[in-house]
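Step one of this worksheet: look at the structure below.
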Amino acid sequence: METKLHIEPIQNWSIYKGRPLLISGPCSAETEDQVMETARQLAALNKVDVFRAGIWKPRTRPNAFEGVGSEGLKWLKQVKQETGLPTGTEVATQKHVYEALKFGIDVLWIGARTSANPFAMQEIADALKGVEVMVFVKNPVNPDLDLWIGAIERLYAAGITHIGAIHRGFSAYEKTAYRNQPKWQIPIELRLRIPELPLLCDPSHIGGARAFLFEIAQKSMDLNYDGLMLESHINPDCAWSDKSQQVTPQALQELLGKLILRQPVSSNSKFLDILGELRGQIDMFDDQLIDLMEQRMHVAETIGQYKKDNNITILQNQRWEEIIRKVSIKGQSKGLSEEFIDQMFKAIHQESINHQIKVMNAAN
Ligand code: PEP
Ligand code: MN
């Protein structure tokens, strides 16, 4: 299903100077000096399009730093006056919206905990009726594309046409290298559902650590995202929130310098754009297939060990027939030919057997 929204193409937004649109600044506004100095250094890079700083911080546990509140809006106003940079902050309630607008904030974004809550989204949308402001919606913390789209639709219904999405990854209980799981297929699906919707990537909140920022940013550029939100702080190690993922303006410059923005070489750029995006999807699925196979073989090895310990043969015909029956029914329902399913699972089965044999024949 394609959602028909008449969203302003990002090329027409006043803040857009070219790809990637870059929103940068500290996770949180902490002090006037920290905000002003970070903004001066970022403005000097001549690469940043919007200066960000969190004023109200949604924290997981109470007693953590919850933001400086409205006082920080004065500093953002000063940033704009002194550096000329448009400013942006996160809003989660009607009060935040009114306060931010009062201080002339150019870009609002809805955080991941808020976009997951339709009541909060509706309240914010109501506060934005008739207002001309640019709004980005971060993906909800849970991997639910419809919830993300629903948040966007609520703003659209309130008359906001300068709407974009920010992909910041999804929470999981399991500990993974990244702070939040990217689940790239979700923003890709969002693109297919609302092709004109500007899409930014937030490598800071996906990665959660400096070491991952570049690879995530590069991947998003290779998937044709329109821009990036990257947290930057003059002294990241002393930041009051999200210290391990923030970089100095200098380090940000180095990261941007390494980014490869692949350009289509053909004159038919639209065709190449779409082709590149689709190939990016293919590569991603192939990657996932291999990861899945690795996991499957790992389980097969565990089974091999278990059978060995219990003196049971590797090949269990009944079990194999059951697998083939199940996958061919499912394959058919998904439009995959019987021949393909048959060949693929025979190959997978053979590989499983090889892994089990290796375990069985091992010395212990
Ligand atoms: C932030 O941008 O600092 C923030 C709190 O983001 P998120 O809503 O993605 O956690
Ligand atoms: Mn942050």
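What you see is a predicted model; the values in this text were computed from it and never measured. Atoms within a ligand are numbered from 1 in the order they appear, just like the ligands themselves. Counting begins at 1 with the first residue of the sequence.
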Checklist line | Stepwise side chain to side chain donor-acceptor pair (under 3.5 Å) check, His233 with Asp242 | finding: CA-CA 10 Å; His233 189 290; Asp242 287 354; over 6 Å; no
Next item on the list: Over 60° means perpendicular and under 30° means parallel, so classify the ring planes of His167 and Tyr225, tilted if in between.
Entry: tilted
[atom1] ([X]) with more than 12 external heavy atoms under 6.0 Å:
X      : atom1 : result
Arg279 : CZ    : no
Lys183 : NZ    : no
Gln11  : CD    : yes

N/O to N/O under 3.5 Å, ligand 1 against protein:
| unit_1 | atom_1 | unit_2 | atom_2 | d |
| --- | --- | --- | --- | --- |
| ligand 1 | 2 (O) | Arg52 | NH1 | 2.7 |
| ligand 1 | 2 (O) | Arg52 | NH2 | 3.4 |
| ligand 1 | 2 (O) | Lys138 | NZ | 2.8 |
| ligand 1 | 3 (O) | Arg52 | NH2 | 2.9 |
| ligand 1 | 3 (O) | Lys57 | NZ | 2.9 |
| ligand 1 | 3 (O) | His205 | NE2 | 3.2 |
| ligand 1 | 3 (O) | Glu231 | OE2 | 3.2 |
| ligand 1 | 6 (O) | Lys138 | NZ | 2.9 |
| ligand 1 | 8 (O) | Ala112 | N | 2.8 |
| ligand 1 | 9 (O) | Lys138 | NZ | 2.9 |
| ligand 1 | 9 (O) | Arg168 | NE | 2.6 |
| ligand 1 | 10 (O) | Arg113 | NH1 | 2.9 |
| ligand 1 | 10 (O) | Arg168 | NH2 | 2.8 |

Check: Do Trp13 and Phe136 have ring centres separated by under 6.0 Å?
Finding: yes
Notebook entry, point to check: Of His355, Lys358, Gln356, which is the lone residue that meets side chain to side chain donor-acceptor pair (under 3.5 Å) with Glu301?
Noted result: His355
Item checked: Sum of protein N, O or S atoms, each under 2.8 Å from the Mn ion (ligand 2) -> 4
Checklist line | Point-to-point distance, once rounded to the nearest 0.5 Å, from CD of Gln34 to CD1 of Ile234 | finding: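 Between atom CD of Gln34 and atom CD1 of Ile234 there are 6.0 Å.
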Checklist line | Passing option when Asp106 is tested against Lys77, Lys80, Arg52 for salt bridge (Lys or Arg N to Asp or Glu O under 4.0 Å) | finding: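 When salt bridge (Lys or Arg N to Asp or Glu O under 4.0 Å) is applied between Asp106 and each of Lys77, Lys80, Arg52, only Lys80 qualifies.
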